[in-house]
Amino acid sequence: MSALATRGLNKRFGSLVVARDIAFDLPRGARHALIGPNGAGKTTLVNLMTGLLSSDSGEILLGGENIAALAPEARVRRGLVRTFQINSLFPNLNALEAVTLAICEREGSSRIWWQRVAAHSGVIDEAHGILSSLMLGNDCYRPTRELPYGRQRLLEIALALSTKPKVLLLDEPAAGVPRGESAELFAVVSGLPPDISVLFIEHDMNFVFRFASRIIVMVGGAILLEGTPQEVAADPRVREVYLGKSGRGGARHG
Amino acid sequence: MAVAAISPPEAIMRAQARWRPIEIAFWLATLLPFWLTPDYLVLASQIAITALFALSLDLILGYAGIVSLGHAAFFGLGAYAAGLIAKHGWGEPVTGVIAAMLVASIAGYAASLIVSRFRHLALIMITLGMGLLLAEAANSASWLTGGADGLQGVKIWPIFNVFRFDLYGYVAYSYSLIVLFVVFLLARRIIHSPFGLSLRGIRENAIRMPALGAPSRAHLRKIYTIAAAIAGIAGALLTQTTETVSLEALGFQRSADVLVILILGGAGRLYGGLVGAIIFMVARDQFSGNTPQFWYFWIGALLVAVVMFLPNGILGGLAKLTARRSRAS
Amino acid sequence: MIGVLFDGFAYGMLLFLLSVGLSVTLGMMNFVNLAHCAFAMIGGYVAVTLMNQWHWPFLATLPFAFLGPALVSIVFERALYRRLYGASDLDQVLLTIGLAFVSVAAAAYLYGTIQQPVRMPDYLRGSVTILGLTFGAYRLFLIVVALGITLVLVGALEYTRFGAQVRAAVDNQRMARGLGINVDAAFAITFALGSGLAGLGGALAIEIVGLDPSFAFTYLIYVLIVVSVGGLGSIGGSFVAASLIGISDVAGKYYVPGLGAFLIYLVMIALLMWRPAGLFGKR
């Protein structure tokens, strides 16, 4: 049984079809990449899977259970978590508070109003642990808006990891990260626990070829093909779709 | 404050929630009117009541990000509840306040079912509409509320049968101040709790919260109900200390005034409403005089100035100033 | 009944003139301008001053009731509003309420708080008989003016390049900018036009509801209701909502006077819950 799968997922806005009969499988522990030109519907697919957008038809199976009718928060509780293409953080909270918040929500202790947060030392230690493993341990007391962009991107992932996901959807994790800060990001991504199933959306082919064992190509709201990185790189249809944008390593998304 | 990673994170979080000396100084200073300005204790009690009302708005606006133009609805409900109970024979103040709080909470919960589902303009309009609706209903139901003349015949018994409300406001101020302090302690607890952290999360980024599995709407309903309860308590205090209730307790003017007060002091800092109330009420007492238009001209100009130059209110401005000074030294 | 419908529709047309500017600018820039009815009030006072102090004929004052507030709005927009386009709803609400307070206080200082006495020209007083039914002449005039303006607005929006730019900006601001449309300039012009129309509405309102400084807030509430019910950025939505509110209000006060303004607020809340973006709003 795959960790995440969709069957016949469809969505349209009037005459614009953004998702066409998507059938997709993400096995347990996988590291798969979803690529495609702008407007192909990659982020839309993530929105459909996470519940930000409701599908017109089709099933979304998380560990075999159809979650298509569930609210976004409910899907997160069942272990399906995503990060955002553009950082969606809490500007005035510091990283420690943000991750503590995520953990409290996970544990259900967010309903507690009569005790100080500081009293929950287990939670805070766990938060600090997560942040340290993502190399944010020293920066965690500064307000998020003061952190450099690359660090914020790591925090984006830290928040997602705090929910103890079973399936993690990373939406362009490398986007906007300056070259000097990308090493940390790459280290974090390689260090992701092996039992989490990960799907990345990415344009950065360096990233894709480094981390993905399988690539899915989407065009115009539908899946064009999928295969190993070598198969996809060699496929003439893929090169055609990108119209000269490099399908081989070295192309960086600006 | 920059810290070396020596102190464990827990200790730092603890330090954030600790009572600062300036807070203790503030609360001690609230006792000063008894000695320094004994002629103004009635005004002082009104300030304490307004501060409590502003505190309740801070919980939903400053911490959860709900912009409400109709919060006086709960203040007014509390005021009329306390007034009606006293008018019909039960003038005991403490139980009156509790009853008023319950009435306001129920209304707050009912309203929260609607309010928690909207944002931006729709939310502003719905809160405005609900406030106006209640004010209109209160006006029409003059058999219950006394209409434009207000509620007559409200008689309050002495507190615990000992402390009679006197003309000089001694008891009124003590009573209001104690209630304010107790509720403040509660609010402070809430802010520093995991629930309070979630509220700030909603205010900072409402979209991210469901993506973390947070039941945002349930959180909003909870805080809205709590804020309504506190506003109700403030309204009840007003009725009990003045032995009157009138329609302006639930009017738009009161909702607008409390918003101005909170923004003036600085929302999201717990003390903003208190500081704003002191400044606003004292200034109004001194300057309003015979020409209310004159007063509103300056309030308007002040609002414009605060938004353009002091977006976080007076407390925010002070915080920035002290931060800059500590960075320079 | 026809009488109530007619009066209601006339009142609705007045509300439409007052609201349309706010609806479009809100739809374009999402800027919550609660000083909008202060512009209406200014237009009213411009008309009053011209008529009572300088003895101008009523019709001649109307263009200036439009221009005055339009110019004032340009000043406000340059100096203040422009800095807050990206700011929170709350900040915009507070700034514009502050400006409204200042305008109201200034008006009270200059003109006092009593209702301004005005005298309409004879040809607009009394009633007109059409097809055996009598209609108030002034209200008829109001309806004609409003419908005329609606036609001009819709025509401009649909058939001019500027109108196309406005529609693009309302629909998707980021995309419009990306296409090279100068959204800021379009907004400034639209804002001035909207404020001017509000001013015109204010001048026309004197005969129907009277003018005193509280106009800026009393009618703000109705305008906000029309805008939120009609949908942001929609002229058609404002038209329909204004007619609906106008007729409900007059009918309500006529048939069930006990309920008064009660009904309007209930209708608004119910409609907003059903369609938070308004009847004709986006999404």
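The basis for the numbers below is simple: all heavy atoms, side chains too, and nothing from hydrogens, waters or symmetry mates.
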Hey, what's the ring geometry for Phe211(A) with Phe200(A), parallel, tilted or perpendicular (30° and 60° as the breaks)? tilted
Pick from Val81(A), Val123(A), Leu89(A) with the largest number of heavy-atom pairs that fall under 4.5 Å of chain B: Leu89(A)
Taking the six-membered ring for Trp, are Trp19(B) and Phe181(B) parallel (under 30°), tilted (30 to 60°) or perpendicular (over 60°)? tilted
Would you mind checking if Arg12(A) and Asp56(A) are paired as a salt bridge, meaning a charged N to carboxylate O distance below 4.0 Å? no
Chain B contact via Glu107(A) - side chain, backbone, both or neither, heavy atoms under 4.5 Å: neither
Might you confirm whether atom CZ of Arg117(B) has over 12 heavy atoms from other residues, nucleotides or ligands at distances under 6.0 Å? no
Let's test your reading of the structure: which of Ala214(B), Ser216(B), Pro210(B), Ser193(B) forms the most heavy-atom pairs below 4.5 Å with chain A? Ser193(B)
For residues Asn38(A) and His203(A), determine if any side-chain heavy atom of one lies less than 4.5 Å from a side-chain heavy atom of the other. yes
Which bit of Ile191(B) is near chain A, if near means a heavy-atom gap under 4.5 Å: side chain, backbone, both or neither? neither
Per-residue tally against chain A (heavy atom, under 4.5 Å) across Arg208(B), His192(B), Arg189(B), Met13(B) peaks at Arg208(B)
Should we say atom CD1 of Ile24(B) is surrounded by more than 12 heavy atoms from elsewhere, each under 6.0 Å from it? yes
Any ion pair linking Arg77(A) and Glu105(A) (charged N to carboxylate O, less than 4.0 Å)? no
Less than 6.0 Å separating the ring centroids of Phe53(B) and Phe74(B)? no
Would you say the side-chain atoms of Arg221(B) pair up with the backbone N or O of Ser116(B), donor to acceptor, closer than 3.5 Å? no
Could you check whether atom CD1 of Ile22(B) has more than 12 heavy atoms from other residues, nucleotides or ligands sitting under 6.0 Å from it? no
Under a 4.5 Å heavy-atom cut-off, does chain B meet the side chain of Leu159(A), its backbone, both or neither? both
Checking an interface table here. Which of residues 198-207 of chain B come within a heavy-atom distance under 4.5 Å of chain A? Ser198(B), Arg200(B), Gly201(B), Glu204(B), Asn205(B)
What residue, out of Thr163(A), Leu93(A), Thr83(A), has the most heavy-atom pairs lying under 4.5 Å from chain B? Leu93(A)
Okay, Glu97(A) and chain B: the region with an atom under 4.5 Å from a heavy atom over there is both
